[in-house]
Amino acid sequence: MKTVVVGLSGGVDSSVSAYLLKEAGYNVIGLFMKNWHDDSVTISDECPWLDDSNDAMLVAEKLGIPFQTVDLSEQYKERIVDYMFREYEMGRTPNPDVLCNREIKFDVFMKIALELGADFVATGHYCQRGETEVDGKSVYQLLAGADANKDQSYFLCQLSQEQLSKTLFPIGHLQKSEVRKIAKEQDLVTAEKKDSQGLCFIGKVRLPDFLQQQLKPKEGVIVEISAARAQEKIEDLYESSAADVAVEDVTILAKKPKYSLTDGKIVGKHQGAHYFTKGQRKGLAVGGTPEPLFVIDTDVEENIIYTGQGKEHPGLLRKALFVQESEVHYIREDLKLAEGEVRATKARIRYRQPLENAWLHKVENGLFVSFENPQAAISEGQFVAWYDGAECLGSGVIS
């Protein structure tokens, strides 16, 4: 009888995961991770940890499984929150959900579970684990969830072979509607509970409020760059590159233009460039433009936000990105690229984005990813994940 520690979050997905494992004959232990207890930054009663902890306990009671709470708030603050502040301060956009899985759920939490004598850790993620054999050795695969609308493989794109070998995803083969149905049939208190949104584990956070605790407001200007000027800047990049480099060269495609005050006109003020991210539309408080303004770049050194009108503004679009060598992560280590190798793949740069045709280009100091179609708001600090069909093969932090 194998022992599985389930991360019971107080939501319907992890509740049903625990139920299915118990039905399958595992010895199941429920563990609630308390990662945050500063209620001053959550919005009203959207997702306070106390309610979640109570719901998790009621589910464990109903299923007749042991339950305990582990306080990981110190590690969470150090590895996730402090990291987020540092990244925003540098004008990058971190992804706390991907980090939370890599650093907390499948590292700190997993170690605690294994110390409790667990053979596996299980979570309520919508993804699946596959297994294949390469050169006589077992290789684990991270596969998309069967519910295309809920697939969370992107959030787990930083997992390793070691972590996957000890992980189970009991609901990955189900649709969300089926999960709710099971919860209802088993009369679980979480059956009708809404999915939590907002920062992983902190609840529905007002991000500006959260950031303002650490990053002080600092007034600066909002500059609008015309589409024509942005296009000129992009063309300048091509011209300034070596003459023997083809226009389609991936190193040029990955470059982004550098804007200055003289490239556009001042259209408003803001309280800190580090609160804004590329592609952002809300919170600019600038009206009167024929099309809505989007953030096309931020300069945290000069404290300037550069904007452009409309989703198709050339300043928002780019056909390639770069990942530094230290940030390249292969889930399938047997599929690492050799220097100089180019491989066709499918990739995404954000959760829920449809997979796009792309190519991986391995160079000495990292990896370029180029796309068939221009991508909107490629943001430093976010993750690019690449796939073969339903299998996520690797990922990296956009630099």
Q: Evaluate the salt bridge (Lys or Arg N to Asp or Glu O under 4.0 Å) criterion for residues K258 and D236: first the C-alpha distance (whole Å), next the side-chain angles of each, then the deciding distance (0.1 Å), finally the verdict.
A: CA-CA 11 Å; K258 188 138 179 56; D236 287 348; over 6 Å; no
(Q) With salt bridge (Lys or Arg N to Asp or Glu O under 4.0 Å) as the criterion, how do E235 and K233 come out once you've worked through the C-alpha distance, each side chain's angles and the decisive distance to 0.1 Å? (A) CA-CA 5 Å; E235 282 160 16; K233 299 283 279 187; over 6 Å; no
Provide the closest heavy-atom pair for [X] versus [Y] in the form atom of the first, atom of the second, distance.
{"X": "S14", "Y": "G7", "value": "CB-O, 3.3 Å"}
{"X": "Y126", "Y": "K150", "value": "CB-O, 3.3 Å"}
{"X": "A18", "Y": "L8", "value": "CB-CD2, 4.0 Å"}
{"X": "S15", "Y": "V59", "value": "OG-CG2, 3.5 Å"}
{"X": "D13", "Y": "G124", "value": "CB-O, 3.4 Å"}
{"X": "R281", "Y": "P292", "value": "NE-CB, 3.5 Å"}

Q: Identify whether the distance between the nearest side-chain nitrogen and carboxylate oxygen of E178 and K181 falls below 4.0 Å.
A: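 Result for this pair is no, no salt bridge flagged.
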Q) Salt bridge check: are K166 and D119 linked by an N-O gap of less than 4.0 Å? A)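 No salt bridge links K166 with D119.
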Which residues pass the ring-ring contact (aromatic ring centres under 6.0 Å, His included) test with [X], not counting sequence neighbours?
{"X": "F368", "answer": "F322"}
{"X": "F294", "answer": "none"}
{"X": "Y306", "answer": "Y259"}

Q | From R318, R348, R350, Q353, residue fulfilling side chain to side chain contact (heavy atoms under 4.5 Å, CB included) relative to Q375 | A |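 So the option named by the test is Q353.
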Q.
Taking transitive links into account, so neighbours of neighbours count too, which hydrophobic residues share a cluster with V369 at under 4.5 Å side-chain distance?
A.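 Besides V369, the cluster holds L321, V323, V328, Y330, L335, L337, I349, L360, L367, F371, I378, V384, W386, L393, I398.
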Q) With sequence neighbours left out, what residues match E87 under salt bridge (charged side-chain N to carboxylate O under 4.0 Å, His left out)? A)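 Here the qualifying residues are R92.
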Q: Could you walk me through whether K176 and D195 pass salt bridge (Lys or Arg N to Asp or Glu O under 4.0 Å), step by step?
A: CA-CA 11 Å; K176 181 80 184 197; D195 291 348; 2.8 Å; yes
Q: Decide yes or no for R129 and L168: does some side-chain heavy atom of the first lie under 4.5 Å from some side-chain heavy atom of the second?
A: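 Counting from C-beta outward, R129 and L168 do come under 4.5 Å.
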Q: Tell me, yes or no, whether the heavy-atom count around E185 atom CD, taken from other residues, nucleotides or ligands under 6.0 Å, exceeds 12.
A: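 More than 12 within 6.0 Å, yes.
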Q) Should we count CD of E301 as having more than 12 external heavy atoms under 6.0 Å? A)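 At most 12 heavy atoms, drawn from other residues, nucleotides or ligands, come within 6.0 Å of this atom.
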Q: Scan K194, K193, K62 and name whichever one has a salt bridge (Lys or Arg N to Asp or Glu O under 4.0 Å) with D55.
A: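 Going through K194, K193, K62 one by one, the salt bridge (Lys or Arg N to Asp or Glu O under 4.0 Å) with D55 is satisfied by K193 alone.
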Q.
Side chains of Q163 and S160 only: does a donor on one sit below 3.5 Å from an acceptor on the other?
A.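 Short answer, yes.
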Q) Aromatic rings H125 and F106: how do their planes relate, parallel, tilted or perpendicular, breaks at 30° and 60°? A)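 Correct class here is tilted.
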Q | Test log, rule salt bridge (Lys or Arg N to Asp or Glu O under 4.0 Å), inputs K319 and E372 | A | CA-CA 7 Å; K319 279 190 87 170; E372 184 175 13; over 6 Å; no
**Q.** Sequence neighbours excluded - ring pair (Phe, Tyr, Trp, His ring centres under 6.0 Å) pairs with any residue from residues 146-165
**A.**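 Residue pairs passing ring pair (Phe, Tyr, Trp, His ring centres under 6.0 Å), neighbours aside: F155-Y351.
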